2 protein chains.
Amino acid sequence: MTGAVLERKSGVALWRQIADLIRSDIATGVAGQDGRLPPEMELAKRYSVNRHTVRSAIAALEQEGVLRSEQGRGTFVRRRKRLSYPIAKRTRFSAGLGNQAGSTLTRLLESMEESASQTVADNLGVPAGDPVIRLDTVSEADGLPVSRATSWFDASRFAGIDEAFGEHASITKALSACGVTDYVRKSTTIEARHASADDIRLLRLSAGAIVLVTRAVNTDSDGNPIQYAESRFAADRVELKIESD
Amino acid sequence: MTGAVLERKSGVALWRQIADLIRSDIATGVAGQDGRLPPEMELAKRYSVNRHTVRSAIAALEQEGVLRSEQGRGTFVRRRKRLSYPIAKRTRFSAGLGNQAGSTLTRLLESMEESASQTVADNLGVPAGDPVIRLDTVSEADGLPVSRATSWFDASRFAGIDEAFGEHASITKALSACGVTDYVRKSTTIEARHASADDIRLLRLSAGAIVLVTRAVNTDSDGNPIQYAESRFAADRVELKIESD
DNA sequence: TTCGATTTGTACGTATGTATA
DNA sequence: ATATACATACGTACAAATCGA
């Protein structure tokens with residue numbers, strides 16, 4: 001909001017830093033509350049840069065679908081607030097976002113059987129190298145990608161879960177079809193990093209964007225691990241909310 | 001690890017993107033397991049860039065204290081794994097990191113009485129504009145800054161908590177001095193964004209770095225809010241871990 | 001010890017991107 | 001749109017340090 005000092009010679013172009021600031025301010029409600037951005041000249045003065053530099057930032061955000069400029073009228077905000085994704089014992093994607101978005105959808109990108117890496121094996125409680133089924137999915141809310149996830153299941157217990165997912169387009173329902181009527185989240189770790197090329201493509205982000213990475217283990221009602229998942233959330237579109245029971 | 005495609009003309013310099021990749025790979029243990037980085041020529045081939053571009057990335061990470069290059073020998077890793085910061089009902093900084101770091105320390109940057117903003121008021125359950133006490137702190141583990149936090153307390157109930165903190169250098173102990181012997185975390189939201197100029201300075205980060213932002217409310221044993229805190233964690237040095245009870 | 005292979009350090013030239021005026 | 005300055009990226013060449021044969 002107030003004249004933040006931008007970093008020159010940092011490897012990040014000024015227009016990109018300004019674009020990141022504006023995007024973040026819109027997401028947090030600091031800017032664009034009235035649906036419009038201040039005039040370019042005002043922004044240029046605020047950031048102490050040339051008006052053309054502000055224009056580059058705005059052009060990038062137009063490309064991203066965040067802003068819309070109209071000659072002679074001004075620059076307007078297309079989208080506003082972040083979604084709030086709840087993380088609790090009973091975390092399910094569509095149920096958690098249901099009241100915030102009009103429509104939610106989880107799409108299957110790829111499914112395959114592979115042998116468990118050390119990490120996957122540890123989290124699923126099987127020996128490393130055992131066959132596991134991997135599901136790669138992308139979840140959208142109101143047509144905009146929110147997260148992508150890679151899930152692993154013990155192949156011996158969940159044979160056919162890939163087809164079940166293809167049928168129901170829901171992890172919860174696919175597990176149900178495999179005889180798991182209830183499951184709870186045991187633990188979640190959260191880290192943040194820059195989006196990879198895959199993240200940028202699949203979540204429709206721009207370079208330099210940030211993803212929140214969660215790693216979670218779900219267990220059945222007996223406490224046995226049934227799913228290990230690594231998810232990547234578009235940090236500009238979602239926040240994570242942890243509710244203590 | 002494998003040849004990720006970097007984004008050109010994205011406003012983020014290639015050397016910066018490569019530096020971010022290498023830093024992240026080191027933090028997750030993908031790279032530098034043996035304490036050394038592959039030769040510059042090999043990295044250049046992997047990322048499909050000129051050797052000089054890799055050298056710029058390495059230079060930035062040397063400046064940050066992540067790497068150390070020696071002529072004729074190679075490039076070596078100074079630090080390795082991320083700290084894991086637990087978030088649970090009873091979250092306390094030093095206790096949570098105690099077993100991972102040799103020493104932990106929380107320093108007071110500033111304390112002052114101010115009138116509550118709408119957000120602070122909502123979270124503390126007081127009317128907006130009421131006097132509140134704000135504490136700005138930085139926490140370090142093994143001499144490296146891990147997080148900075150801004151905490152607000154109801155001034156009418158916690159008068160003198162700033163002096164109490166100055167004496168004990170611990171929020172938990174300062175609360176205890178104010179008669180709160182136990183408290184639990186009610187809720188936490190997590191988001192991620194690029195570090196601000198202040199974050200970069202106080203957490204000793206480099207431009208383009210990422211911070212994990214948490215907003216949390218702590219309540220006393222009767223369920224009354226006693227503290228609202230906004231924390232910023234250096235995403236390269238820490239992950240957040242949520243344990244379900 | 002000398003030699004060659006490997007690896008990092010330095011220097012020059014050129015083209016393109018970024019930022020200002 | 002033009003001009004100017006600096007940052008970024010590539011290509012090439014060679015120097016300096018290390019290591020093992």
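By convention in this document, chain letters (A, B, ...) are assigned in the order of the sequence lines, proteins followed by strands, and residues within each chain are numbered from 1. As the structure is a prediction and not an experimental result, all values here were calculated from the model.
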Listed by chain and number, what are the side-chain hydrogen bond (donor to acceptor under 3.5 Å, both in side chains) partners of [X], not counting sequence neighbours?
X	value
Ser56(A)	none
Tyr228(B)	Glu230(B)
Ser139(A)	Thr106(A)
Ser111(A)	none

What residues form a salt bridge (charged side-chain N to carboxylate O under 4.0 Å, His left out) with Arg36(B), not counting sequence neighbours?
->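 Checked Arg36(B) against salt bridge (charged side-chain N to carboxylate O under 4.0 Å, His left out); zero matches.
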Could you pull out all residues at least two apart from Asp198(B) that satisfy salt bridge (charged side-chain N to carboxylate O under 4.0 Å, His left out)?
-> Arg201(B)
Starting at [atom1] of [X] and ending at [atom2] of [N], how long is that distance when rounded to a whole Å?
X	N	atom1	atom2	result
Ile18(B)	dC10(D)	CD1	P	8 Å
Leu67(B)	dT8(C)	CG	P	11 Å
Leu37(B)	dT6(C)	CG	C1'	16 Å
Gln17(A)	dA7(D)	CD	P	14 Å
Leu14(A)	dA5(D)	CG	C1'	14 Å
Lys45(B)	dT7(C)	NZ	C1'	15 Å

Check this one for me: any side-chain N or O of [X] less than 4.0 Å away from OP1 or OP2 of [N]?
X	N	answer
Ser69(B)	dT7(C)	no
Arg55(B)	dT8(C)	no
Thr53(A)	dT20(C)	yes

For each nucleotide in nucleotides 12-21 of chain D, reading 5' to 3', give B when a protein heavy atom comes within less than 4.0 Å of its base, S when such contact involves only the sugar-phosphate, and - otherwise.
-> BB--BBSS--
Donor + acceptor pair across side chains of Thr214(B), Thr188(B) (<3.5 Å) =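 No, because no side-chain N or O of Thr214(B) sits under 3.5 Å from a partner of the opposite role on Thr188(B).
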Flag for Arg215(A)-Ser187(A): side-chain donor and acceptor within less than 3.5 Å | no
For Ser56(A), which contact category applies under a 4.0 Å heavy-atom criterion: base, sugar-phosphate, or nothing?
->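 No contact.
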All side chain to side chain contact (heavy atoms under 4.5 Å, CB included) counterparts of Glu113(A), not counting sequence neighbours |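 For Glu113(A) the side chain to side chain contact (heavy atoms under 4.5 Å, CB included) partners, ignoring immediate neighbours, are Pro131(A), Ala155(A).
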The bend of the helix from dT2(C)-dA21(D) to dA21(C)-dT2(D), taken between the axes of its five terminal pairs at each end and rounded to 10°, is 20°
